[in-house]
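A quick note: this is a predicted structure, and the numbers were derived from the prediction, not measured.
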Amino acid sequence: MIRDGGAHGSFPTEVHEAVGWWIGACLVSTLKAHRIVAAHDGRATSVLFHQRLCRGAINAQHYACTVLTLRVADEGTLLRTMAELGGVPGARIFTSGPEGEESVSIVLYGPEGKALDEGSGLAGIRRLIAADRVPIPVNETAKGRIEHYPHPAEQERGAQR
């Protein structure tokens, strides 16, 4: 399940929505991130996993992480936004296959814009999840927030109105 830059599996048989929470919280704590960018492909299952990932990220230990969500965005837009923000980690959720037999992928990116590998955080995330050590907030003041971050396509549409 946790391989090739993130978490992947069939929904609902191999992965369930809570995986999004676990991955979000573990990404923040493993990379010690105070800000991340998140996006999805717009499919209903992807939206569900994206929402859970964002909630997990804002509830990771003492980091008070701000999740900047692009909502629907492709990989290129996500990577450009991560770089534009000074090199922050990111996550993109996408789904393929017919409804009820979907394959969900949560790809995680380090601050340099490359998918995480074993040495850059993926092994640590796998260990936390396997040991049931998913980070939780230490107190209410440690909770982060989710903010919408408009990407260039939205800004162009706004300027044309």
Self-check item: side-chain contact (heavy atoms from CB on, under 4.5 Å) between Y109 and E75, worked out
Solution: CA-CA 10 Å; Y109 301 89; E75 182 184 46; 2.6 Å; yes

Quiz item: Between the side chains of T66 and R35, does any donor sit under 3.5 Å from an acceptor?
Solution: no

Quiz item: At their closest point, which heavy atom of A73 faces which heavy atom of A39, and how far apart are they?
Solution: CB-CB, 3.9 Å

Self-check item: Sole candidate of L53, L128, V15 that passes side chain to side chain contact (heavy atoms under 4.5 Å, CB included) when paired with I23
Solution: L53

Quiz item: Can you find a heavy atom in the side chain of K32 that is under 4.5 Å from one in the side chain of Y63?
Solution: yes

Practice problem: Decide yes or no for I36 and V88: does some side-chain heavy atom of the first lie under 4.5 Å from some side-chain heavy atom of the second? | Solution: no

Self-check item: Flag side-chain contact, heavy atom, 4.5 Å: P89 against L108
Solution: no

Quiz item: Taking all atoms of both residues into account, what is the closest heavy-atom pair of A25 and V134, and its distance?
Solution: CB-CG1, 4.0 Å

Practice problem: Of all the heavy-atom pairs spanning S120 and A115, show the shortest one and how long it is. | Solution: OG-O, 4.4 Å

Practice problem: Quick one: do Y149 and R71 satisfy side-chain contact (heavy atoms from CB on, under 4.5 Å)? Show the steps, please. | Solution: CA-CA 8 Å; Y149 188 84; R71 296 188 183 131; over 6 Å; no

Quiz item: Under a 4.5 Å cut-off applied to non-hydrogen side-chain atoms, are L122 and D4 in contact?
Solution: no

Exercise. Please examine the side chains of L68 and T81, heavy atoms only from C-beta on, and report whether any two atoms are closer than 4.5 Å.
Key: no

Quiz item: Between I58 and R55, which heavy-atom pair has the shortest distance, and what is it?
Solution: CG1-O, 3.3 Å

Practice problem: Check L27 against G90 and note the closest heavy-atom contact, atom names and distance. | Solution: CD2-O, 4.1 Å

Quiz prompt | Heavy-atom donor-acceptor pair, H8 side chain to M1 backbone, under 3.5 Å | solution = no

Quiz item: Hey, is R126 close enough to E118 for a salt bridge, meaning N to O under 4.0 Å?
Solution: yes

Self-check item: S46 side chain to T95 side chain, donor-acceptor N/O pair below 3.5 angstrom
Solution: yes

Quiz item: Is there a donor-acceptor contact under 3.5 Å linking the side chains of T69 and H148?
Solution: no

Quiz prompt | Beyond-backbone contact of I93 with S105, side-chain heavy atoms, under 4.5 angstrom | solution = no

Practice problem: Determine, stepwise, if the pair N59 / I136 fulfils side-chain contact (heavy atoms from CB on, under 4.5 Å). | Solution: CA-CA 6 Å; N59 282 289; I136 58 173; over 6 Å; no

Quiz item: Hey, is CZ on R145 packed in by over 12 heavy atoms from elsewhere, all under 6.0 Å?
Solution: no

Quiz item: With ring centroids as reference points, do W21 and H16 lie under 6.0 angstrom apart?
Solution: no

Quiz item: At their closest point, which heavy atom of I2 faces which heavy atom of I125, and how far apart are they?
Solution: CD1-CG2, 4.4 Å

Quiz item: Hey, are the side chains of R43 and V47 touching, using non-hydrogen atoms and a 4.5 Å cut-off?
Solution: no

Quiz prompt | Passing candidate, side chain to side chain contact (heavy atoms under 4.5 Å, CB included) with F94, options D74, V104, D41 | solution = D41

